[in-house]
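Order of appearance sets the numbers: ligands from 1, and atoms from 1 within every ligand.
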Amino acid sequence: MPHILIVEDEAAIADTLVYALQAEGFATCWLSLGGAALERLAGEPFDLVILDVGLPDIGGFEVCKRLRRFSEVPLIFLTARSEEVDRVVGLEIGADDYVVKPFSPREVAARVKAILKRTAPRPLAGEGRPPAAATLRIDGQRYQAHYHDQLLNLTRHEFRLLQTLHGQPERVFSREQLLDALGVAAAAGYERSIDSHIKSLRAKLRQVAASAEPIQTHRGLGYSYNPER
Ligand code: CA
């Protein structure tokens, strides 16, 4: 059952959303403050967030910016303002959709469904290859990776790197390709940041299985994931 977090300070609006979403089979959680929402999101996976722009403590845009430092959970903004500029700002800082009040709760529920469908994990490229050995399981929707059945505590970038490498076992990815997978524009100096992300990722894998070294360095080329190592 997909779990939706609603962050909205007006109880009447939150109630209509809770009702409409539960009627569609979603589990809901309602919070009225941005700070509390960030805390909750840091500790618990949600499938989607509905976020009011006008919150009494931290504005919705700021909440979204802070959220994007650690999570790519799909997000819909709610706002009383209809200016185009808000819409653009909202989408630029990482929202998936935008709903202007007053709205129809059923329409919001329909948009939630559409976004979840769009963001559901897709089969990765590199067709024809069996998935890497089940020593590593990646859940792209919940941003979780289990290695030897242990949940890894990864940063967003570490998760993306691992997901990318693991998606095409033994393929050598250049640093530039990996930056691309992180959604970071290649620029002088940035490529070295891949090395430090890989270093901390390896350390986390090693904490689970000390003798395995599934991420291989290819001198002058880049990195690959090899499930046999
Ligand atoms: Ca509000």
Side-chain angles (χ1 to χ4, degrees), residues 1-122 139-144 153-160 182-185:
M1 188 188 285
H3 201 190
I4 314 291
L5 178 65
I6 299 163
V7 191
E8 164 64 67
D9 58 309
E10 286 170 69
I13 293 175
D15 279 349
T16 61
L17 284 174
V18 165
Y19 183 80
L21 290 168
Q22 288 184 351
E24 295 287 348
F26 295 110
T28 58
C29 170
W30 169 43
L31 295 172
S32 55
L33 293 176
L38 284 169
E39 266 175 42
R40 189 71 174 259
L41 284 158
E44 190 182 331
F46 283 89
D47 296 293
L48 188 140
V49 179
I50 299 178
L51 178 61
D52 183 26
V53 170
L55 293 168
D57 61 335
I58 310 172
F61 287 154
E62 180 60 28
V63 171
C64 179
K65 279 188 209 161
R66 294 190 199 174
L67 174 64
R68 285 294 177 248
R69 289 177 201 152
F70 64 88
S71 167
E72 292 195 356
V73 61
L75 186 144
I76 299 177
F77 273 125
L78 296 181
T79 180
R81 290 166 286 173
S82 58
E83 287 89 354
E84 179 73 5
V85 59
D86 275 354
R87 205 183 78 81
V88 171
V89 168
L91 299 179
E92 270 179 359
I93 63 176
D96 295 88
D97 205 349
Y98 199 89
V99 178
V100 177
K101 297 174 185 173
F103 52 78
S104 135
R106 284 178 60 192
E107 191 204 332
V108 176
R111 294 211 197 177
V112 167
K113 276 201 259 184
I115 290 171
L116 290 178
K117 203 168 170 187
R118 199 168 76 215
T119 56
R122 280 169 298 232
D139 182 338
Q141 197 163 12
R142 292 180 182 276
Y143 284 86
Q144 288 182 347
N153 181 18
L154 303 178
T155 66
R156 186 157 62 100
H157 281 170
E158 289 162 5
F159 178 85
R160 277 276 194 218
L182 297 185
V184 177

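The shortest side-chain heavy-atom distance between Leu17 and Glu8 does not fall under the 4.5 Å cut-off. At least one side-chain heavy atom of Arg142 sits under 4.5 Å from a side-chain heavy atom of Asp47.
Every residue was checked against the ring-ring contact (aromatic ring centres under 6.0 Å, His included) condition with Phe26, not counting sequence neighbours, and none meets it.
Within the structure, the salt bridge (Lys or Arg N to Asp or Glu O under 4.0 Å) test picks out the following pairs touching residues 53-65 (sequence neighbours left out): Glu62-Arg66. A salt bridge (Lys or Arg N to Asp or Glu O under 4.0 Å) check over residues 13-39, counting only residues at least two apart or in different chains, returns the pairs Glu24-Lys113.
Ordered by chain and number, Asp9 OD1, Asp52 OD2, Gly54 O make up the set of protein N, O or S atoms under 3.0 Å of the Ca ion (ligand 1).
Between Val7 and Ala37, the closest heavy-atom pair is CG2-CB, 3.6 Å.
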